[in-house]
Amino acid sequence: MAFGKGCHLHLIDGSAFIFRAYHALPPLTRKSDGLPIGAVSGFCNMLQRYVEGNVGGDVTHVAVIFDKGSHTFRNEMYDQYKANREAMPEDLRPQMPLTRDATRAFNIACEEIEGFEADDIMATLARQAREAGGACTIISSDKDMMQLVGDGVVMMDAMKGNKIIDTEGVHEKFGVGPDRVIDVQALAGDSVDNVPGAPGIGIKTAALLINEYGDLETLLDRAEEIKQPKRRQTLIDNRAQIELSKRLVTLDDTMDLPFTLDDLEVRDPEPDVLLEFLAQMEFRTIVKRVSEKLGVEAPVIEETSADVAQDAPEQPPFDAEKYEWLKDATALQSWIDRIYARGYVAVDTETTGLNEMVVDLVGVSLCVEAGEACYIPLTHKGGTADDLFGNDELAKDQMDFEACLAILKSMLEDDSILKIFQNAKYDCKIFKRLNIDVAPIDDTMLMSYAMNAGTHRHSMDVLSESYLGHTPIPIKPLLGTGKSAITFDRVDVAEAVKYAAEDADITLRLWELLKPQLHKKQVTSVYETMERPLVPVLAKMEMSGIKVDRDTLSRMSNAFAQKMAGLEDELYELAGHKFNVGSPAQVGEILFDEMGLEGGKKGKTGKYSTGADILEDLATEHDFPARVLDWRSLSKLKSTYTDALQTHINAETGRVHTSYSITGANTGRLSSTEPNLQNIPIRTDEGRKIREAFVAEEGKVLVALDYSQIELRILAHVAGIETLKQAFRDGHDIHAMTASEMFNVPLDEMTSDVRRQAKAINFGVIYGISGFGLARNLRIPRAEAQGFIDRYFERFPGIRTYMDDTVAFAKEHNRVETLFGRKIHTPEINAKGPQAGFAKRAAINAPIQGTAADVIRRAMIRMDDAIAHLPARMLLQVHDELVFEVDKDAADDLIVAAKNVMENAANPVVKFDVPLVVDAGIGATWAEAH
DNA sequence: AGAGTCACG
DNA sequence: GACGTACGTGACTCTG
């Protein structure tokens with residue numbers, strides 16, 4: 001078919017696909033010869049997904065366009081063009097020709113031309129398509145391509161869920177239409193491509209100028225008229241450079257191409273060719289998927305020798321039909337025999353929900369060898385998914401619950417059998433409630449966290465996708481959504497077998513893959529001493545829960561409600577009408593439009609910002625913002641704490657059981673959910689009262705132990721600041737000390753205000769301080785804040801050195817480390833955009849926050865044994881604090897024992913130059929104990 | 001679903 | 001007057 005009206009051309013930016021694939025995937029190698037093929041694998045996955053997504057679509061022509069060579073006509077114009085590009089990574093280079101082969105294997109046109117960038121080829125093709133009366137979609141997120149949009153040409157951003165960027169989208173990005181994009185780019189320049197532009201002018205200013213003068217040429221001709229002197233001079237002085245920049249960013253859409261649009265017609269892949277290529281690359285998962293889609297037999301991929309394949313054992317394809325439905329004790333016994341012959345087993349539980357303190361066990365799946373897994377349904381109901389009031393009789397062909405558990409118990413508790421889980425804490429708690437103490441264990445989620453914290457999350461879906469190239473069967477279609485959702489015990493057993501057994505299968509495969517990598521990445525000791533042992537400790541704490549007094553909360557709730565109602569009336573009065581106080585948008589309108597107050601700033605969504613800092617500034621002059629702040633504070637306390645907390649009181653235990661996430665924070669900190677007990681108020685008196693609802697049982701007390709200034713102590717140690725270390729050894733007030741050093745004020749003449757400022761700086765340093773940030777925090781002029789920082793670094797040069805060294809390490813290794821060897825990855829550290837700034841500060845903070853997290857983890861792991869002889873249990877962890885419940889008369893003993901563990905938690909691995917000090921408090925409530 | 005806000009260390 | 005700007009979290013509410 002000749003390209004013309006009604007035709008639709010897709011142009012895929014090949015380089016973008018490759019780089020995305022390269023960075024998204026771990027460095028995979030071909031098993032037979034070790035050839036790096038991670039990027040090719042991801043590239044093929046993306047092409048396959050692209051092809052699948054277009055079945056039945058209106059695309060008639062398609063091509064993948066690549067860059068060829070690094071020297072283009074733009075380098076002739078300007079030798080610095082793209083000169084700041086980093087060299088291509090070593091393991092990516094050999095993959096480049098393979099991506100071309102892959103494209104051809106998919107039977108998609110593959111084009112590149114020496115001396116031109118892919119962008120120019122795409123520009124030319126887009127113009128040709130437009131002139132022929134057809135449509136064109138450019139699949140790329142490169143903003144350089146935005147000049148092509150309009151008249152039937154759009155862009156599609158594959159990174160952002162195939163978001164379509166049309167003329168309006170271009171306007172959002174550049175503030176001008178597609179026809180003026182190059183004018184804006186010429187002025188703003190581009191640090192990524194090293195296009196100079198006009199110094200000091202960015203996209204915002206550039207768009208402003210272009211919109212005012214119409215186009216770049218007019219602007220430059222009339223530059224003398226610009227009011228702002230600096231801007232005027234910049235444009236006059238840099239005219240040549242700006243004009244050069246425009247030539248650099250302008251795509252050449254008039255190339256002579258050795259092919260025509262007609263050559264790009266969509267062709268179905270030829271199964272033989274495609275599969276042969278994929279098999280040659282040894283992409284087992286894609287081979288399987290493609291052969292299924294095309295309805296042909298998958299080619300056999302040669303087995304590789306065992307010594308090469310050690311790290312990544314040969315994997316049979318996933319086949320849900322092969323999973324076994326265990327129906328009786330005989331069948332189970334034969335699985336138990338297999339497990340004993342192996343010495344390990346992957347286990348997964350299915351339950352009626354996600355809250356492991358409430359839900360019931362529905363079934364158990366086991367896997368001893370990749371591809372071979374079983375599911376033991378136990379309490380599935382007879383009714384089907386459609387049968388809403390389905391009978392509660394048990395479905396057929398299920399083992400007796402007690403009989404099954406009795407058999408499993410002896411295996412799960414057997415020292416000689418390793419039980420492998422993905423997120424072991426969940427399953428261990430389910431079993432613990434059934435009186436089964438699972439041990440020993442391994443946890444693939446924690447392995448992934450130990451190796452790759454910071455690079456990706458660690459859920460089964462993510463791990464399966466990135467390490468096995470397999471998308472697990474989704475649970476949604478089985479359970480449904482919204483009101484009609486059912487629990488797993490109502491899922492048809494045959495379907496449940498496939499889903500549940502697959503989870504065990506995936507877990508086992510992940511374990512086989514990840515376990516040997518722990519050593520290579522040198523995190524075995526992190527995993528074995530700070531991740532895995534935490535599982536039983538946290539499981540026990542979570543199951544203990546903490547007693548929360550419902551009446552106290554309920555009374556507070558009512559009081560808050562009354563106060564809020566009063567404030568609402570006052571606010572309506574002040575505004576002159578009713579409105580929703582909880583709506584920031586409405587509050588903003590009233591403040592800045594209706595009342596006409598100064599200082600209204602609109603964010604990206606076009607709404608006024610009404611955050612506490614802004615309202616606080618206004619509150620000194622006006623009642624309205626002050627009342628809104630009061631209302632918000634009450635609303636927060638009521639909805640998040642006094643109301644929500646009550647719903648979390650467990651009906652059976654009368655206590656609140658949080659769930660800690662071991663992998664929730666990249667730094668090694670825990671996080672707490674449902675409910676979050678790590679953010680219970682304390683900073684205001686009113687909020688602090690919430691802690692009065694956290695109580696000890698009759699005859700017992702709560703004990704709170706917290707590390708004093710642990711992060712600053714760690715900073716003093718790692719940066720080697722003798723003055724600060726000595727101050728800690730002498731037990732001095734560290735903030736006063738800092739103030740004294742910085743401002744040359746003797747300690748006995750210190751004012752609280754000076755101390756407060758020093759404290760802010762001390763904390764700021766831990767966070768990767770900036771003059772702007774400190775200025776905002778202290779509400780002082782920026783220059784003054786910068787002065788403080790300069791003086792701080794002058795006085796403590798070791799801290800500057802530490803920060804520089806840490807950032808340099810991160811840039812070289814893409815990660816930082818804690819003193820205990822925990823690795824925290826900082827993948828954005830070498831990025832070009834503003835992400836790099838965030839990554840830099842995160843890199844500075846991570847070793848400090850992470851080392852503190854490691855210390856308390858070590859304390860928690862040792863705590864069980866240390867307090868075993870006492871009538872006490874550990875209930876909560878709040879980053880630098882542990883909360884215990886203990887018999888009244890044993891409280892003092894507990895404090896001695898627990899304090900000892902905490903203060904010595906770093907030993908013997910790390911010998912701190914500063915003492916770790918722990919403060920203790922006792923009380924009937926958490927408020928008193930703190 | 002995402003943004004805004006605010007609670008904690 | 002390029003941009004944005006202190007680290008790490010989770011829950012609730014409004015809004016499109």
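Every chain is numbered from 1, with letters handed out A, B, ... down the list of sequences. These numbers come from the heavy atoms of this one structure, side chains and all, not from hydrogens, waters or symmetry mates.
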By the 4.0 Å heavy-atom rule, please label A/Ser635 as base, sugar-phosphate, or nothing. nothing
Looking at every strand, decide which applies to A/Ile682 at a 4.0 Å heavy-atom threshold: base, sugar-phosphate, or nothing. sugar-phosphate
Base, sugar-phosphate, or nothing: which does A/Glu674 touch, judged by heavy atoms less than 4.0 Å apart? sugar-phosphate
Distance criterion of 3.5 Å, no angle test: do you see the side chain of A/Arg669 paired donor-to-acceptor with the base of B/dG9? yes
Look at the aromatic rings of A/Tyr572 and A/Phe579 and report parallel, tilted or perpendicular, splitting at 30° and 60°. perpendicular
Under 4.0 angstrom, heavy atoms only, what part of the nucleic acid is A/Ser661 near: base, sugar-phosphate, or nothing? nothing
Minimum-distance nucleotide (side-chain atoms of A/Asn845 versus B/dG9, C/dG8, C/dT15): C/dG8
Under the 3.5 Å rule, do the base of C/dT5 and the side chain of A/Arg782 count as making a donor-acceptor pair? yes
Could you tell me the separation between the OH atom of A/Tyr641 and the C1' atom of B/dC8, rounded to a whole number of Å? 7 Å
Regarding A/Ala853, tell me which of base, sugar-phosphate or nothing describes its non-hydrogen contacts under 4.0 Å with the strands shown. nothing
I want to confirm an ordering. Mapping A/Lys204 and A/Gly837 to their closest nucleotides on DNA chain C, which one lands closer to the 5' end? A/Lys204
From the set C/dG10, B/dC8, C/dT9, return the single nucleotide nearest to any side-chain atom of A/Thr673. C/dG10
Nearest to the side chain of A/Lys607, which nucleotide is it out of C/dC12, B/dC8, C/dG16? C/dG16
Which part of the nucleic acid, if any, lies within contact of A/Ala775, taking any heavy atom under 4.0 Å across all strands shown: a base, the sugar-phosphate backbone alone, or nothing? nothing
Which nucleotide in C/dC7, B/dA7, C/dT5 has an atom nearest any side-chain atom of A/Ser770: C/dT5
If we take the P atom in both B/dG4 and C/dG4, what is their distance in whole Å? 13 Å
When we call it a touch if two heavy atoms are under 4.0 Å apart, what does A/Ala188 touch: a base, just sugar-phosphate, or nothing? nothing
Given the P atoms of B/dT5 and C/dT5, what is the spacing between them in whole Å? 14 Å
Which is true for A/Asn777 with a 4.0 Å heavy-atom rule: it touches a base, it touches only sugar-phosphate, or it touches nothing? base
Closest approach to the side chain of A/Ser671, judged atom by atom: which nucleotide of B/dG4, C/dG1, C/dG10 is it? C/dG10
Taking the six-membered ring of A/Phe838, is the NZ or CZ of A/Arg841 close enough (under 6.0 Å from the centre) and on axis enough (within 45°)? yes
Touch check for A/Pro834, heavy atoms < 4.0 angstrom, all strands: base, sugar-phosphate only, or nothing? nothing
Parallel, tilted or perpendicular: rings of A/Tyr608 and A/Phe592 (30°, 60°): tilted
Look at the side chain of A/Arg632 against the base of B/dG4 and say whether a donor-acceptor pair falls under 3.5 Å; ignore hydrogens and angles. no
Name the closest nucleotide to the A/Ala644 side chain, picking from C/dT15, B/dC8, C/dC12. C/dC12
Starting at CG of A/Leu187 and ending at C1' of C/dG1, how long is that distance when rounded to a whole Å? 15 Å
Report which part of the nucleic acid A/Ile680 touches: base, sugar-phosphate, or nothing (heavy-atom distance under 4.0 Å, all strands). sugar-phosphate
Could you check whether A/Gln586 gets within reach of a base, just the sugar-phosphate, or nothing at all, counting any heavy atom under 4.0 Å? sugar-phosphate
Just to be sure I understand the rule, does A/Asn676 reach a base, reach only the sugar-phosphate, or reach nothing, if contact means heavy atoms closer than 4.0 Å? sugar-phosphate
With a 3.5 Å cut-off and no angle check, do the side chains of A/Glu711 and A/Asn845 form a donor-acceptor pair? no
Is any side-chain N of the basic residue among A/Asp617 and A/Arg779 closer than 4.0 Å to the acidic one's carboxylate O? yes
Toward the 5' end of DNA chain C, which comes first, A/Gly200 or A/Ser583, by nearest nucleotide? A/Gly200
